[in-house]
Amino acid sequence: MIQILPVLPTIDEHHVDRRRYPDGVAFMDGQYLPMSQAKISVLDWGFLHSDATYDTVHVWNGRFFRLDLHLDRFFGGVERLRMKLPYDRKKITSILNDCVALSDHRSAYVEMICTRGSSPTFSRDPRQAENRFMAFAVPFGSVANKEQLERGLHVAISDTVRIPPKSIDPAIKNYHWLDLVKGLFDAYDAGAETALIVDTNGYIAEGPGFNVFVVKDGSLRTPAFGVLPGITRRTVFDLCAEIGLSATAADISRAEIKGAEEVFITSTAGGIMPVTRVDDTEIANGHVGSVTRRLMDLYWHKHDEPAWSTAVIYP
Ligand code: PLP
């Protein structure tokens with residue numbers, strides 16, 4: 001006979017939590033917590049339905065990079081998903097600051113999340129859900145490691161199609177990543193280090209956590225359709241405007257990316273990162289190109305400039 005236990009079972013004394021958590025501080029339900037204690041309910045629709053939006057900003061040498069742009073994108077996503085944040089922009093800014101300051105990281109990866117939450121009556125109506133805000137700061141991480149940044153990443157193009165913008169608006173930064181994860185496995189199977197997946201028309205879209213650029217005849221191009229409008233992508237446009245390079249958003253075919261003079265990817269997790277191989281094709285004879293190098297240098301220089309960055313207030 002199945003017994004219904006009247007009380008919660010005691011915790012399995014033999015169970016040891018072997019998970020490793022990054023060093024950092026999270027904010028949840030009005031509290032700051034070490035990462036190992038930052039947990040959500042299994043009933044949260046953010047987890048059950050991927051009904052959530054988020055944003056990630058980084059801190060470099062004690063300064064947030066382009067925080068206002070990240071907050072704009074986050075608040076835009078929350079509004080489009082018809083969620084309500086329990087805090088205003090000023091309070092969220094101070095929570096993000098506190099997560100970094102309490103963790104004492106000088107370089108950090110800082111994430112803010114709003115989930116649908118769940119309904120107190122278990123109603124299936126999303127309008128009745130109580131939305132939740134959480135945030136955390138962990139050490140800075142990059143799509144590319146040191147060696148890959150020096151020699152360029154090896155990328156494979158997967159046939160996997162990125163979720164169409166008519167299904168999910170890519171401007172709402174989201175966790176619909178099954179296509180990107182499948183692309184990654186395809187890339188690993190092909191002996192590459194990361195993936196690019198395609199849009200519904202077969203053009204190059206984006207990769208797991210990054211946008212892509214090609215350089216041809218000295219001009220830059222990045223896909224326009226079905227991709228997250230990345231803040232690093234936007235930063236590349238701003239840097240190009242500053243130094244007089246032409247940059248446009250338009251379709252890129254498989255043949256065009258392989259015929260490019262230079263290729264690089266962009267993400268808050270790593271900045272501007274060179275690509276020197278696409279499938280079996282070497283880009284720029286396998287060397288990091290001069291336009292990519294120049295933009296990488298400029299990008300990191302901007303991190304100290306007050307017009308592009310905000311100091312973290314440490315205690
Ligand atoms: N594309 C996707 C799907 C992403 O998840 C991300 C970042 O996480 C990017 C592109 C790059 O955006 P950003 O430069 O704002 O980090």
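Ligands are counted one by one from 1 in listed order, and the atoms in each one are counted from 1 as well.
With D68 as reference, R89 is the one residue of R89, R234, R73 to meet the salt bridge (Lys or Arg N to Asp or Glu O under 4.0 Å) rule. The only option from F140, F64, Y109 that meets the ring-ring contact (aromatic ring centres under 6.0 Å, His included) definition with H58 turns out to be F140.
Under the 4.5 Å side-chain heavy-atom criterion for grouping Ile, Leu, Val, Met, Phe, Trp and Tyr, Y54 is connected to I40 within one hydrophobic cluster.
Counting heavy atoms of neighbouring residues, nucleotides and ligands inside a 6.0 Å radius, atom CG of N285 does not exceed 12 of them.
Relative orientation of the Y87 and F27 rings is perpendicular, given thresholds of 30° and 60° on the angle between their planes.
Partners of K182 according to the side-chain contact (heavy atoms from CB on, under 4.5 Å) rule, which considers only residues two or more places apart in sequence or in another chain, are T160, D186.
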Any protein N/O atoms within less than 3.5 Å of an N/O atom in ligand 1? List the atom names and distances, or say none.
unit_1   : atom_1 : unit_2 : atom_2 : d
ligand 1 : 1 (N)  : E206   : OE1    : 2.7
ligand 1 : 8 (O)  : K173   : NZ     : 2.5
ligand 1 : 14 (O) : I231   : N      : 3.3
ligand 1 : 14 (O) : T232   : N      : 2.9
ligand 1 : 14 (O) : T232   : OG1    : 2.5
ligand 1 : 15 (O) : R73    : NH1    : 2.9
ligand 1 : 15 (O) : R73    : NH2    : 3.0
ligand 1 : 15 (O) : I231   : N      : 2.8
ligand 1 : 16 (O) : T268   : N      : 2.8
ligand 1 : 16 (O) : T268   : OG1    : 2.7

